[in-house]
Amino acid sequence: MYSRAVTLSQFLDLEERKHPEATGEFTRVLMEIALACKMINREVVRAGLVDVLGYTGAENVHGEKVQKLDVFAHQTLYRVLSGTGQLAVLASEEDENVIPVPEGQPVGKYVVNFDPLDGSSNINANVNIGTIFSMLPRITRKGGGTLTDCLQAGERQVCAGYVMYGSSTMLVYTTGHGVHGFTFEPSIGEYLLSHPDIRTPKRGHIYSVNEGNYTQWSDGVKRYIDYLKMDDAATGRPYSSRYVGSLVADFHRNLLYGGVFLYPGDARHADGKLRVLYEAAPLALIAEEAGGAASDGHRRILEIVPESLHQRTPLFLGSAEDVRECESFVQGKNPAITAERRVRSGVPAEG
Ligand code: AFP
């Protein structure tokens with residue numbers, strides 16, 4: 001542990017020195033994201049005081065009502081990031097198409113996909129919300145970046161992170177060398193290292209899911225949730241249910257305490273609700289880097305190569321043992337299900 005307060009920029013400097021191959025270019029982008037999020041934080045904490053709450057009246061590409069803070073967060077990230085000279089193209093939850101670097105600005109070799117204000121339906125209730133970001137190397141070689149640059153598998157990310165605006169504001173990121181958390185100290189305007197090298201427990205005792213969707217789920221998901229509620233001291237069940245409805249907040253809590261977050265596909269939405277590029281993939285990289293796991297029920301989230309900017313995916317995310325167990329239910333392979341089927345069909349137990 002460090003014997004003195006370490007700021008984000010000092011920490012990034014130290015990390016860069018440990019990795020001589022690092023060019024420092026995406027460190028600069030990360031610092032700019034951190035800066036934009038300070039600006040967003042300033043508005044979020046004042047949201048109850050100034051006239052930034054309420055709907056703009058417009059709808060975003062998903063047909064959801066856009067709130068003024070969503071727009072502010074989107075524009076702030078765009079303005080700050082498009083001037084870094086390090087980016088080739090950007091993509092945001094709030095924009096249907098990719099966002100080119102403004103004409104006249106230098107074009108760099110990185111791509112940033114971001115969700116400017118995740119969980120925004122919680123804004124009016126003063127509940128935690130967050131910004132999620134994902135950084136990729138560009139693939140195209142010439143000119144401005146394109147959609148192809150944005151549509152890459154999550155395992156190609158060079159950096160992923162989030163800022164959670166809450167009782168204290170935190171920035172958590174990984175560049176593939178551990179997961180590190182910083183708490184924002186508003187009086188000095190700095191993010192200070194508070195959670196170096198976060199490791200998530202192998203197994204937790206929390207499940208996080210919108211259980212209002214229960215009747216729409218597949219049998220595998222229903223059985224998994226029923227299983228987590230059963231009493232079994234050996235496996236620490238029943239689990240506790242915790243659900244904010246703000247992905248960053250639900251993920252952050254489970255990262256620290258252990259547990260599993262689920263947003264499965266269901267009868268109405270086969271791919272669930274959450275987006276691959278700027279929700280699932282960055283959090284999957286953080287989860288894996290912290291010793292956890294992230295799956296769509298059949299494969300690692302990080303292996304998905306999206307075909308469109310706002311593609312959705314079922315998401316099972318958190319402690320590695322919990323995610324593996326959840327997958328076995330989703331795939332109908334869990335011994336608990338096999339035993340139940342055997343009893344129902346009158347087949348005697350093996351051995
Ligand atoms: P909003 O941004 O519309 O509040 O959605 C938040 C979110 O994308 C994610 O942060 C939550 O985990 C998830 O949706 C909650 O969805 P439900 O309200 O369907 O549970």
Side-chain angles (χ1 to χ4, degrees), residues 25-26 29-30 32-33 60-64 70 73-74 77-78 81-82 84-103 105-118 130-162 173-176 247-248 251 263 265 269-289 293-317:
E25 285 166 279
F26 69 75
V29 180
L30 183 54
E32 296 298 308
I33 292 174
N60 68 13
V61 290
H62 313 290
E64 300 156 342
D70 294 81
H74 168 83
L77 278 156
Y78 169 67
L81 290 177
S82 59
T84 60
Q86 314 293 340
L87 299 187
V89 65
L90 299 97
S92 162
E93 192 212 7
E94 296 297 336
D95 208 313
E96 190 170 356
N97 302 308
V98 297
I99 312 166
V101 169
E103 239 166 85
Q105 296 276 2
V107 176
K109 58 182 191 191
Y110 291 103
V111 176
V112 173
N113 297 323
F114 60 95
D115 184 348
L117 212 55
D118 181 70
T131 296
I132 309 176
F133 56 90
S134 158
M135 208 184 304
L136 293 154
R138 76 177 292 186
I139 323 175
T140 54
R141 289 174 187 275
K142 285 194 221 131
T146 67
L147 181 61
T148 309
D149 295 308
C150 296
L151 300 182
Q152 298 185 57
E155 57 194 2
R156 290 190 44 82
Q157 292 171 102
V158 291
C159 176
Y162 58 84
Y173 84 93
T174 184
T175 56
L247 179 59
V248 169
F251 174 77
Y263 210 114
H269 309 286
D271 291 328
K273 177 177 181 188
L274 302 175
R275 274 58 69 126
V276 178
L277 279 179
Y278 42 79
E279 291 179 314
L283 298 189
L285 187 68
I286 295 171
E288 287 200 4
E289 270 297 310
S295 166
D296 70 354
H298 299 273
R299 61 184 161 163
R300 285 165 71 224
I301 290 290
L302 294 179
E303 288 169 8
I304 301 174
V305 183
E307 287 166 11
S308 62
L309 216 46
H310 302 288
Q311 184 173 314
R312 295 169 196 263
T313 178
L315 179 61
F316 307 98
L317 179 66

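All values below were derived from every heavy atom in this structure, side-chain atoms included, with hydrogens, water molecules and symmetry-related copies excluded.
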[X]: side-chain hydrogen bond (donor to acceptor under 3.5 Å, both in side chains) partners, not counting sequence neighbours:
| X | result |
| --- | --- |
| Gln86 | none |
| Thr175 | none |
| Thr313 | none |
| Glu155 | Arg300 |

Hey, does [Y] have a side-chain heavy atom less than 4.5 Å from the side chain of [X]?
| X | Y | answer |
| --- | --- | --- |
| Arg312 | His269 | no |
| Asp271 | Pro314 | yes |
| Gln311 | Leu277 | no |
| Gln105 | Ser82 | no |
| Tyr278 | Pro116 | no |
| Phe114 | Ser92 | yes |
| Glu93 | Asp118 | no |
| Tyr78 | Pro102 | yes |

Inter-residue atom distance [X].[atom1] - [Y].[atom2], 0.5 Å rounding:
| X | Y | atom1 | atom2 | result |
| --- | --- | --- | --- | --- |
| Arg275 | Ile132 | CZ | CD1 | 9.5 Å |
| Thr84 | Glu32 | OG1 | CD | 6.5 Å |
| Glu279 | Asn113 | CD | CG | 12.0 Å |
| Leu315 | Lys273 | CG | NZ | 12.5 Å |
| Thr131 | His74 | OG1 | NE2 | 12.5 Å |
| Leu283 | Leu274 | CG | CG | 9.0 Å |

Residues at least two apart in sequence or cross-chain that pass ring-ring contact (aromatic ring centres under 6.0 Å, His included) with Phe251, listed by chain then number, are Tyr162
With sequence neighbours left out, the residues meeting ring-ring contact (aromatic ring centres under 6.0 Å, His included) with Tyr110 are Phe26
Please set out all donor-acceptor pairs under 3.5 angstrom arising from side-chain atoms of residues 145-154, sequence neighbours excluded.
unit_1	atom_1	unit_2	atom_2	d
Thr146	OG1	Thr148	N	3.3
Asp149	OD1	Ile139	N	2.6
Asp149	OD1	Thr140	N	2.8
Asp149	OD1	Thr140	OG1	3.0
Asp149	OD2	Thr140	OG1	2.6
Asp149	OD2	Thr146	N	2.8
Gln152	OE1	Arg156	NE	2.5
Gln152	OE1	Arg156	NH2	3.4
Gln152	NE2	Pro137	O	2.7
Gln152	NE2	Asp149	O	2.8

Taken in chain and number order and not counting sequence neighbours, the residues that satisfy side chain to side chain contact (heavy atoms under 4.5 Å, CB included) with Ala293 are Ala320, Val323, Arg324
Partner of Leu81 under side-chain contact (heavy atoms from CB on, under 4.5 Å), picked from Ile99, Val101, Leu87, is Leu87
Those residues at least two apart in sequence (or on a different chain) that pass salt bridge (charged side-chain N to carboxylate O under 4.0 Å, His left out) with Asp296 are Arg299
